[in-house]
Engineer: 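My questions will all concern the structure given below.
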Protein chains: 2
Amino acid sequence: MASITEENYIKAIYKITEKNQGSANTNAIAAHLSTSPASVTDMLKRLSDKDYFHYEKYKGVYLTSKGIKLATDLVRRHRLWEVFLVDKLNFSWDEVHDLAEELEHIKSDDLIMKLDNFLGNPKYDPHGDPIPNADGKFTIRNQVTLLSLAKEETGVVVGVREHDTPFLQYLNELKINLGSEIKILSHIEFDHSRKVLINDEIEHVLSHKVCTNLFVKLKNHK
Amino acid sequence: MASITEENYIKAIYKITEKNQGSANTNAIAAHLSTSPASVTDMLKRLSDKDYFHYEKYKGVYLTSKGIKLATDLVRRHRLWEVFLVDKLNFSWDEVHDLAEELEHIKSDDLIMKLDNFLGNPKYDPHGDPIPNADGKFTIRNQVTLLSLAKEETGVVVGVREHDTPFLQYLNELKINLGSEIKILSHIEFDHSRKVLINDEIEHVLSHKVCTNLFVKLKNHK
DNA sequence: GAAAATATTTAGACTACCTTAAAAATATAT
DNA sequence: ATATATTTTTAAGGTAGTCTAAATATTTTC
């Protein structure tokens, strides 16, 4: 059975390989876990006979199917706990990450199954991220960033790319949450920001960066 | 901030001192934590400058008010999680101890406050044990063991002394749970067992030991 | 393709917690 | 009050995980 530290290594490798076409290097893992590259090398060596990943000196590391299974299990647990914290305990979406980070390490398939049922088998977490099923399969959703909407089009917010607290709190201030409707009033050429109408009520300018981080689906589309 | 191991030591000391008039000895702590007496001495020495307890070589250990606060906090967290597991996730009362043992170590006052509210501020856990409030105060209840009921008296089950799985599962078989009514039909002199009527339905003989472990209040009493 | 920059690994040491075996202190029994 | 039994502590060492500093590999640059 994997220790909490081991689980965190597997999760870090999973997240990095998701972005960096399949392989994770020592420095990236160290940065992700706020530890030193030396510790990572050490840990990879000690963990490498547990079959979660392939590791070759100086060549980086990639997960085996066993490692991927553990990682998606962790993602599943994390996101289900986030749903619990927001839907049942009334936490806000910017407060739940660290708690879910602890809760996800409680290892009981029965617990997660019962939690899933209790929550009504949710498909997405409070940030709009898909929750993998018990087999590790994700529901894929049609989504684009707010950037790709044309003038006069309206998007319904279905997710956020970044999860850090300041960004989510900024969205709180703008009254933007999952389900909010954002209509593009105009593109501002100069800095690629967008003038928008939020929830049919408030006009606002959203920076290019904010737009990149908002996932929407076109209103009245499928 | 106390580590999980530290918390478990404090909790063990608390439980032992509850029974053994105020002080816990090395062997008892070791037995309680399934570790060696040498480890306990080692840990007590290392922990003793954190002000959770007073420790004098060969004299045993007793908690300070800081230690008692931490211990009752842990009891509170443990019992609230047990309520959650039984009331919300539909676990049975014999399945929740180990999971609560893990969940109790998640340190967030906010989490526990919100969990408490979500559960409706319960005063007792699924085994009938009182849940201390945030200040560590327990609700005291009028209760006696089934042993002290006379013939023809009826008791309502409000708690169990032992929490181990086989005992609780035996009670499941007998259809005895919190709230069950048990009427004493006769005392059997030979082995001090009791012939009883459970829930107005089933007649059964309960051993002396089972009776000692069942807390009841007299039906129609306060 | 050599030099410089960067990434990675090794070496040695630290902490928290655990272990067994032996020594010392305390408690019990005669 | 001494001998015996029990409890507790010390000593020495192990594992998981961490660190810094130094050594080595790889990549980038010219």
Side-chain angles (χ1 to χ4, degrees), chain A residues 1-13 15-17 19-63 67 70 74 101-102 104-107, chain B residues 1-13 15-17 19-63 67 70 74 101-102 104-107:
Chain A
M1 184 144 297
S3 72
I4 291 177
T5 310
E6 286 171 8
E7 289 193 339
N8 284 333
Y9 270 86
I10 303 302
K11 212 172 54 149
I13 296 167
K15 286 194 179 161
I16 293 162
T17 50
K19 298 192 179 174
N20 300 16
Q21 55 263 22
S23 144
N25 59 6
T26 306
N27 271 357
I29 298 170
H32 206 280
L33 295 172
S34 305
T35 185
S36 70
S39 301
V40 173
T41 301
D42 190 65
M43 189 69 178
L44 292 181
K45 274 197 300 195
R46 279 186 292 111
L47 254 174
S48 62
D49 53 352
K50 292 201 178 178
D51 289 332
Y52 290 117
F53 51 74
H54 290 287
Y55 167 58
E56 215 181 322
K57 267 164 86 165
Y58 298 101
K59 295 288 171 55
V61 71
Y62 64 94
L63 294 178
L70 176 53
L74 282 162
E101 205 77 356
E102 296 194 56
E104 71 187 9
H105 295 295
I106 291 169
K107 280 170 274 295
Chain B
M1 183 143 298
S3 72
I4 291 177
T5 311
E6 286 171 7
E7 288 193 340
N8 285 334
Y9 269 85
I10 303 302
K11 212 173 54 151
I13 296 167
K15 286 194 179 161
I16 293 162
T17 50
K19 298 192 178 174
N20 299 17
Q21 56 263 20
S23 143
N25 60 4
T26 306
N27 270 358
I29 298 170
H32 206 281
L33 295 172
S34 306
T35 185
S36 71
S39 302
V40 173
T41 301
D42 189 63
M43 189 68 178
L44 292 181
K45 275 197 300 196
R46 280 186 293 111
L47 254 173
S48 63
D49 54 353
K50 292 202 178 177
D51 290 332
Y52 290 117
F53 51 73
H54 291 287
Y55 167 59
E56 216 181 323
K57 269 163 82 166
Y58 298 103
K59 294 289 172 54
V61 72
Y62 63 94
L63 294 179
L70 176 54
L74 282 162
E101 204 78 358
E102 297 193 56
E104 72 186 10
H105 295 296
I106 291 170
K107 279 170 275 294

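In this text the structure is predicted, and so the values were computed from the model without any measurement. Residue numbers start from 1 in every chain, and the chains themselves are labelled A, B, ... in the order their sequence lines are given, proteins ahead of strands. Values reported hereafter were calculated over all heavy atoms of this structure, with side chains retained and with hydrogens, waters and symmetry mates removed.
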Engineer: Contact list please: residues 26-36 of chain A against DNA chain C, heavy atoms, distance less than 4.0 Å, in numerical order.
Structural biologist: T26(A), N27(A)

Engineer: With sequence neighbours excluded, what pairs up with S48(B) under the side-chain hydrogen bond (donor to acceptor under 3.5 Å, both in side chains) test?
Structural biologist: none

Engineer: Identify the heavy atoms of T17(B) and A24(B) that sit nearest to each other, and give their distance.
Structural biologist: CG2-N, 3.6 Å

Engineer: What residues in residues 40-50 of chain B put a non-hydrogen atom under 4.0 Å from any atom of DNA chain C?
Structural biologist: D42(B), M43(B), R46(B)

Engineer: Do you know the tightest heavy-atom contact between I13(B) and F53(B)?
Structural biologist: CD1-CD2, 4.0 Å

Engineer: Got a sec, which residues hit ring pair (Phe, Tyr, Trp, His ring centres under 6.0 Å) with Y62(B), two or more places apart in sequence or on another chain?
Structural biologist: H54(B)

Engineer: I need the residues from residues 1-12 of chain A with at least one non-hydrogen atom less than 4.0 Å from DNA chain C; give them sorted by number, or say none.
Structural biologist: none

Engineer: Picking from L33(A), V61(A), I4(A), what satisfies side chain to side chain contact (heavy atoms under 4.5 Å, CB included) with Y9(A)?
Structural biologist: L33(A)

Engineer: Partners of K15(B) by side-chain hydrogen bond (donor to acceptor under 3.5 Å, both in side chains), sequence neighbours excluded?
Structural biologist: none

Engineer: Contact between M1(A) and E6(A) at the side-chain level, heavy atoms closer than 4.5 Å - yes or no?
Structural biologist: no

Engineer: Supply the atom-to-atom distance I10(B) CD1 to L47(B) CG, rounded to the nearest 0.5 angstrom.
Structural biologist: 6.0 Å

Engineer: Under the rule for side-chain hydrogen bond (donor to acceptor under 3.5 Å, both in side chains), what residues qualify as partners of E7(B), not counting sequence neighbours?
Structural biologist: H105(B), K107(B)

Engineer: Give the first and the last nucleotide of DNA chain D, reading 5' to 3', that has any atom under 4.0 Å from a heavy atom of chain B.
Structural biologist: dT7(D) to dT10(D)

Engineer: Any residue in residues 51-62 of chain B with a heavy atom nearer than 4.0 angstrom to DNA chain D? Just list them by number, or reply none.
Structural biologist: Y55(B), K57(B), Y58(B)

Engineer: Tell me, do E104(B) and N8(B) make a side-chain contact under 4.5 Å, heavy atoms counted?
Structural biologist: yes

Engineer: By nearest nucleotide on DNA chain D, pick out whichever of P37(B) and S39(A) is the more 5' one.
Structural biologist: P37(B)

Engineer: Just to verify, what does S23(A) make a side-chain contact (heavy atoms from CB on, under 4.5 Å) with, not counting sequence neighbours?
Structural biologist: none

Engineer: Is there any salt bridge (charged side-chain N to carboxylate O under 4.0 Å, His left out) pair reaching into residues 29-43 of chain B, and which pairs are they, with sequence neighbours excluded?
Structural biologist: D42(B)-R46(B)

Engineer: With heavy-atom distances below 4.5 Å as the criterion, would you say the side chains of M43(B) and I29(B) are in contact?
Structural biologist: no

Engineer: Do you know which two heavy atoms are closest between S36(A) and A30(A), and how far apart they sit?
Structural biologist: C-CB, 3.8 Å

Engineer: What pairs with T41(A) under side-chain contact (heavy atoms from CB on, under 4.5 Å), at least two apart in sequence or on another chain?
Structural biologist: T26(A), Y55(A)

